[in-house]
**Student:** 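One structure, as structure tokens, below. Some questions next.
Computed from a prediction, not measured in an experiment: that's the story for all the values here. Lettering of chains follows the sequences in order, A, B, ..., and the numbering in each one begins at 1.
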Amino acid sequence: MKWTQTLIPTLKESPSEAEIDSHKLMIRAGLIRRITAGAYAYLPLGTLVLNKVINIVREEMNRAGAIEVFLPALQPLHLLEESGRLAVFGEDLITFKDRHGKISALGPTHEEIITDIVRNEVNSYRQLPMTFYQIQTKFRDETRPRFGVMRSKEFIMKDAYSFDVDYEGLNKSYQLMYDAYCRLFTRCGLKYIIVEADSGAMGGDVSHEFMVPSPVGEDVLIICPKCGYSANRERAEAAPIPAENPSALLATKEVATPGKHTIQEVGDFLKVSPSLMVKTMIYVAGGQPIAVLLRGDHEVNESKLGKLLGQKEVALADHKTIEQVTGAPVGFAGPMGLKIKIIADQAASVLRNFTAGANKADMHTLNVNPERDFKIDQVANLRFVAQGDRCAKCDHELEISHGIEIGHVFKLGTKYSDALKAVYLDANGKSTSMIMGCYGIGVNRIIASLIEKSHDENGIIWPLSITPYHVAVIPINMNDAAIVQAANQIYADLMGVSGIDVLMDDRDHRPGVKFKDADLIGAPIKIIIGKKFVETKEVEIKLRKSGEAFLVKLEEVKSKVKSLLETLA
RNA sequence: CGGGGCGUAGCGCAGUUUGGCUAGCGCGCCUGCCUUGGGAGCAGGAGGUCGGAGGUUCAAAUCCUCUCGCCCCGACCA
């Protein structure tokens with residue numbers, strides 16, 4: 001491609017709309033433009049990258065034996081109703097009324113659609129297993145689109161769905177996708193890690209997330225640098241906190257803490273570390289109030305609490321309930337004298353002589369101890385991992401960091417096949433629910449996270465696999481016939497090689513502009529035809545990433561580029 | 001949805017507090033000259049409903065009311 005024949009609107013300055021590097025660079029390098037909040041246009045350069053990523057995804061899906069389909073973005077509400085996810089998606093679902101008054105949705109994902117097709121078209125165990133995939137735009141009315149293409153209302157997703165006759169089959173299908181994901185992210189040049197995950201709104205039990213570690217990631221990862229244990233925040237477990245040496249139990253003492261509601265305030269006021277305090281949180285589950293005891297510096301993991309209680313939804317009690325249960329205004333709840341079930345987080349359960357609310361306005365109690373002062377009904381692991389926690393497997397200190405979720409695989413089981421009655425007849429003629437898995441990849445996020453991890457002060461540094469152009473041919477002076485002629489020859493030469501994408505910067509600009517732009521858009525190889533060519537008939541081949549440069553005779557350019565591309569691959 | 005900020009030329013911004021000449025600057029763009037190895041120089045030029053509507057005023061980018069859009073923090077989130 002010649003630069004003057006395409007549209008690559010590079011920007012010298014960073015647009016004010018962008019906050020993180022990848023977003024800034026995608027705009028500056030002319031890959032994307034925002035059309036409205038959470039929706040982006042891919043310009044020619046961005047489209048080239050997008051298609052390369054999609055091709056890699058498609059190749060690896062096909063290699064794993066998945067079958068491509070294409071499903072409508074437009075979805076009827078009744079299928080989502082049938083699966084129960086109309087409520088789950090809630091406001092995130094983009095819906096509209098058509099001219100007949102019928103309400104439709106723009107698909108946020110496609111479990112229901114594919115399950116509907118399979119239940120209608122597949123009836124026999126002889127036809128299974130099957131894994132279908134599609135690459136499509138999904139729509140979610142995100143409350144806050146952010147970071148450009150990283151979190152948008154409209155995004156491209158590869159989603160796959162497997163259907164098996166039993167769990168053994170599911171395990172195989174799951175492993176095939178898992179392995180395909182590893183290959184495909186590696187091919188895209190991404191350094192990712194895989195974490196155990198909670199399956200969230202998708203349902204199901206086993207789940208892994210593919211994460212690109214990055215401070216701009218919106219997901220929190222818990223990683224053990226020693227044994228490699230890794231999990232997301234909801235799922236992560238830490239080693240139990242050992243009980244302190246049983247020092248003498250001190251006598252309780254009520255102290256005035258006027259107007260001090262939060263752990264921080266009380267701790268500062270009483271000069272007690274939050275880690276020696278217990279907070280008593282009143283939850284409501286299944287209509288019943290429950291007290292959850294937590295160390296002052298810890299946070300409740302509601303998903304763990306919900307699982308423990310066997311409830312889908314748990315929520316903090318409202319102020320009225322709290323006052324009824326504790327007899328004190330919010331901020332002064334403690335475990336002593338409570339008439340409701342008390343569940344203590346493991347870390348809180350081993351504390352002795354701790355400080356807690358006194359269940360009286362403006363009062364806290366010092367030296368509270370379980371057994372003597374109140375009874376713990378149940379000890380459980382209910383909190384998020386915190387700084388300083390140790391690995392449950394190897395006892396090394398855990399690291400808390402951030403990651404960008406680029407892929408997620410789930411073992412769904414029969415959640416959707418039960419709800420939507422996707423059944424098959426087994427060899428005995430018995431009707432059985434299919435066993436499903438689902439597997440998603442955020443295609444846009446692959447691009448954004450790659451740039452996030454692979455750029456320098458001059459711009460993007462593409463890996464060969466997804467670069468829009470492998471080679472930028474740069475004639476230094478468009479008014480010098482010899483230079484232009486040589487550039488044209490190199491361009492034509494390389495265009496004849498399959499698998500090499502060439503961009504010729506034929507703009508009548510000064511060299512500096514072309515160099516800066518070539519670096520900004522990240523072409524791995526620059527071929528510079530300049531003064532040296534006029535003098536010695538040599539051109540310079542320069543690598544984007546290392547800055548390494550080679551002088552090469554005109555007729556050797558093609559072979560040198562080929563060998564460099566092999567080295568870089 | 002709560003909190004904060006912004007909206008002036010394609011992009012980045014000043015001007016708004018305290019209303020007052022023809023609304024400015026840098027980059028980009030167009031023409032010409034010149035230059036050609038890391039975002040050159042000179043000269044000339046185009047480009048604006050100051051987000052929109054209404055109001056106050058002799059006079060509004062500037063003050064008031066309403067409204068639309070965008071960004072950030074939080075809440076939320078395959």
Side-chain angles (χ1 to χ4, degrees), chain A residues 7 9-20 23-24 27-28 30 33-39 85 88-93 107-112 138-148 150-153 155-161 197-204 207-210 218-220 232-234 302-303 316 405-410 412 415-416 438-442 445 457-459 474-480 483-484 505 507-520 526-535 538-540 542 547 549 551:
Chain A
L7 178 67
T10 58
L11 260 34
K12 205 184 280 191
E13 292 174 281
S14 269
S16 58
E17 73 187 63
E19 195 72 7
I20 63 172
H23 188 193
K24 287 178 188 166
I27 296 169
R28 284 192 54 211
R33 286 294 183 265
R34 191 192 65 223
I35 300 304
T36 181
R85 286 212 299 178
V88 175
F89 280 110
E91 295 277 279
D92 278 1
L93 195 66
T109 173
H110 284 79
E111 278 78 7
E112 287 81 1
K138 313 269 170 167
F139 301 85
R140 292 185 194 175
D141 192 0
E142 292 285 346
T143 47
R144 181 139 100 89
R146 218 190 300 218
F147 298 152
M150 202 79 94
R151 170 165 232 89
S152 46
K153 290 192 175 186
F155 56 98
I156 300 171
M157 177 164 152
K158 186 288 303 176
D159 51 332
Y161 308 97
D198 212 62
S199 34
M202 302 299 295
S207 162
H208 290 93
E209 287 172 342
F210 289 72
E218 297 185 78
D219 291 84
V220 175
N232 72 7
R233 190 165 186 250
E234 279 65 38
E302 292 189 357
S303 106
L316 278 170
E405 182 184 354
I406 49 173
H408 203 158
V409 292
F410 299 85
L412 288 175
K415 180 182 159 91
Y416 295 97
C438 81
Y439 318 91
I441 287 179
R445 281 186 183 177
E457 66 280 6
N458 292 316
I474 302 176
I476 236 57
N477 182 352
M478 292 306 288
N479 297 311
D480 184 317
I483 287 176
V484 170
D505 192 347
R507 296 175 299 172
D508 186 10
H509 278 316
R510 292 171 55 85
V513 176
K514 296 189 183 190
F515 292 145
K516 288 288 184 191
D517 272 347
D519 288 348
L520 179 59
K526 290 189 288 281
I527 301 179
I528 302 155
I529 304 99
K531 256 188 200 149
K532 289 191 196 80
F533 177 74
V534 180
E535 291 158 9
E538 285 177 317
V539 303
E540 181 178 331
K542 198 167 178 183
L551 286 175

**Student:** Watson-Crick or G-U wobble partner for B:rC6, using a 3.5 Å limit on both distances?
**Tutor:** B:rG69
**Student:** Run the ring pair (Phe, Tyr, Trp, His ring centres under 6.0 Å) test on A:Phe210 and A:His208 for me, step by step, so that the C-alpha distance in whole Å, both residues' side-chain angles and the decisive distance to 0.1 Å come before the verdict.
**Tutor:** CA-CA 7 Å; A:Phe210 289 72; A:His208 290 93; 7.7 Å; no
**Student:** Find the distance A:Glu91:CD to B:rG2:P and express it as a whole number of Å.
**Tutor:**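 The distance from CD of A:Glu91 to P of B:rG2 comes to 13 Å, rounded to the nearest Å.
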**Student:** My understanding is that a pair needs two contacts under 3.5 Å, Watson-Crick or G-U wobble. By that rule, which nucleotide pairs with B:rU36?
**Tutor:**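 Partner of B:rU36: none.
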**Student:** Write down the distance separating the P atoms in B:rG44 and B:rC6, rounded off to the nearest Å.
**Tutor:** 37 Å
**Student:** Taking atom P in both B:rC29 and B:rA75, what distance in whole Å separates the two?
**Tutor:**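 That atom pair is separated by 44 Å.
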**Student:** Got more than 12 heavy atoms from elsewhere within 6.0 Å of CD, A:Glu17?
**Tutor:**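 Counting neighbours around CD of A:Glu17, more than 12 heavy atoms of other residues, nucleotides or ligands fall under 6.0 Å, so yes.
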**Student:** Would you kindly give the CZ-to-P distance between A:Phe147 and B:rG74, to the nearest whole Å?
**Tutor:**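 Answer to the nearest Å: 9 Å.
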**Student:** With both distances under 3.5 angstrom, what nucleotide forms a Watson-Crick or G-U wobble pair with B:rC63?
**Tutor:** B:rG55
**Student:** Looking at A:Pro475, is its backbone amide N or carbonyl O close enough to the side chain of A:Lys514 to form a donor-acceptor pair, meaning the two atoms are under 3.5 Å apart?
**Tutor:**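 Pair found, side chain donor or acceptor close to backbone of A:Pro475.
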**Student:** Suppose you measure atom C1' in B:rG15 against the same atom in B:rA61; what distance do you get, rounded to whole Å?
**Tutor:** 8 Å
**Student:** Please report the distance separating the C1' of B:rG26 from the corresponding atom of B:rU18, rounded so that it comes out in whole Å.
**Tutor:** 28 Å
**Student:** How far does the P atom of B:rA43 sit from the matching atom of B:rG37, given to the nearest Å?
**Tutor:**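 So the two P atoms sit 24 Å from each other.
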**Student:** Would you check if the side chain of A:Arg28 reaches a backbone N or O of A:Thr10 as a donor-acceptor pair within less than 3.5 Å?
**Tutor:**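 No; judged by distance alone, with no hydrogens or angles, the pair does not exist.
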**Student:** Calculate the interatomic distance between A:Glu218 atom CD and B:rA75 atom P; express it in whole Å.
**Tutor:** 11 Å
**Student:** Between P on B:rG10 and CD on A:Glu13, what's the gap in Å once rounded to a whole number?
**Tutor:** 15 Å
**Student:** Scan nucleotides 67-71 of chain B against the protein and return all N/O pairs shorter than 3.5 Å with their distances rounded to 0.1 Å.
**Tutor:**
unit_1, atom_1, unit_2, atom_2, d
B:rC70, OP1, A:Thr36, OG1, 2.8
B:rC70, OP1, A:Ala37, N, 2.8
B:rC70, O3', A:Arg34, NH1, 3.2

**Student:** How far apart are the closest heavy atoms of A:Glu405 and A:Asp219, and which atoms are they?
**Tutor:**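 So the two residues come closest at CB-OD1, 3.8 Å.
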**Student:** May I ask you to decide if A:Val220's main-chain N or O and A:Arg233's side chain share a donor-acceptor pair within less than 3.5 Å?
**Tutor:** no
**Student:** Using only heavy-atom distances, decide whether a donor-acceptor pair under 3.5 angstrom links the side-chain of A:Asn477 to the base of B:rU35.
**Tutor:**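 Checked by distance alone, the answer is no.
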**Student:** With both distances under 3.5 Å as the test, what is the Watson-Crick or G-U wobble partner of B:rG74?
**Tutor:**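 Check on B:rG74: paired to B:rC1, both distances under 3.5 Å.
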**Student:** Over all heavy atoms of both residues, which pair between A:Ser152 and A:Pro145 is shortest? Give the atoms and the distance, please.
**Tutor:**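 Where A:Ser152 meets A:Pro145 most closely, the heavy atoms are CA-CB, 4.4 Å.
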**Student:** Heavy atoms only, 4.0 Å cut-off, all strands: where does A:Phe155 land among base, sugar-phosphate and nothing?
**Tutor:** base
**Student:** When you match A:His23 and A:Ile156 each to their closest nucleotide on RNA chain B, which lands nearer the 5' end?
**Tutor:**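 Going by which nucleotide is closer to the 5' end, it is A:His23.
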**Student:** If B:rG44 has a Watson-Crick or G-U wobble mate with both distances under 3.5 Å, name it; if not, just say none.
**Tutor:**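 Paired with B:rG44, as far as the under-3.5 Å criterion goes, is B:rC30.
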**Student:** Could you state the NZ-C1' distance from A:Lys24 to B:rC72, rounded to the nearest angstrom?
**Tutor:**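 Rounded to whole Å, this separation is 13 Å.
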**Student:** Atom CD1 of A:Ile441 and atom NE2 of A:His408: how far apart are they, to the nearest 0.5 Å?
**Tutor:** 12.5 Å
**Student:** Can you tell me, in whole Å, how much space there is between the C1' of B:rG52 and that of B:rC70?
**Tutor:**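 Comparing C1' positions in B:rG52 and B:rC70 gives a spacing of 15 Å.
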**Student:** Could you grab the distance from atom CG of A:Asp159 to atom CD of A:Glu111, nearest 0.5 Å is fine?
**Tutor:** 7.0 Å
**Student:** Which part of the nucleic acid, if any, lies within reach of A:Met157 when heavy atoms closer than 4.0 Å are counted: base, sugar-phosphate only, or nothing?
**Tutor:** base
**Student:** Using a cut-off of 4.0 Å on non-hydrogen atoms, how would the nucleic acid contact of A:Asn479 be classed: base, sugar-phosphate, or nothing?
**Tutor:**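 Base contact.
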**Student:** Rounded to the Å, how far apart are A:Asp505 CG and B:rU36 C1'?
**Tutor:** 13 Å
**Student:** Could you let me know what B:rU17 is paired to, Watson-Crick or G-U wobble, both distances under 3.5 Å, or none if it's on its own?
**Tutor:**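 Checking every strand shown, B:rU17 finds no partner, since no pair has both distances under 3.5 Å.
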**Student:** I'd like to check the side chain to side chain donor-acceptor pair (under 3.5 Å) partners of A:His110; sequence neighbours left out, ordered by chain and number.
**Tutor:** A:Gln75, A:Gln134, A:Lys138
**Student:** Give the minimum heavy-atom separation between A:Glu540 and A:Ala549, together with the two atoms involved.
**Tutor:**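 Heavy atoms of A:Glu540 and A:Ala549 come nearest at OE2-CB, 3.5 Å.
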**Student:** Summarise protein proximity over nucleotides 37-52 of chain B in one line of letters, 5' to 3': B for base, S for sugar-phosphate only, - for none, counting protein heavy atoms closer than 4.0 Å.
**Tutor:** BBBB------------
**Student:** With a 3.5 Å limit on both atom pairs, tell me what B:rA23 is paired to, counting Watson-Crick and G-U wobble, or say none.
**Tutor:** none
**Student:** Using atom C1' in both nucleotides, what's the gap between B:rA60 and B:rG55 to the nearest angstrom?
**Tutor:** 11 Å
**Student:** B:rC50 and B:rA40: how far apart are their P atoms, nearest whole angstrom?
**Tutor:** 34 Å
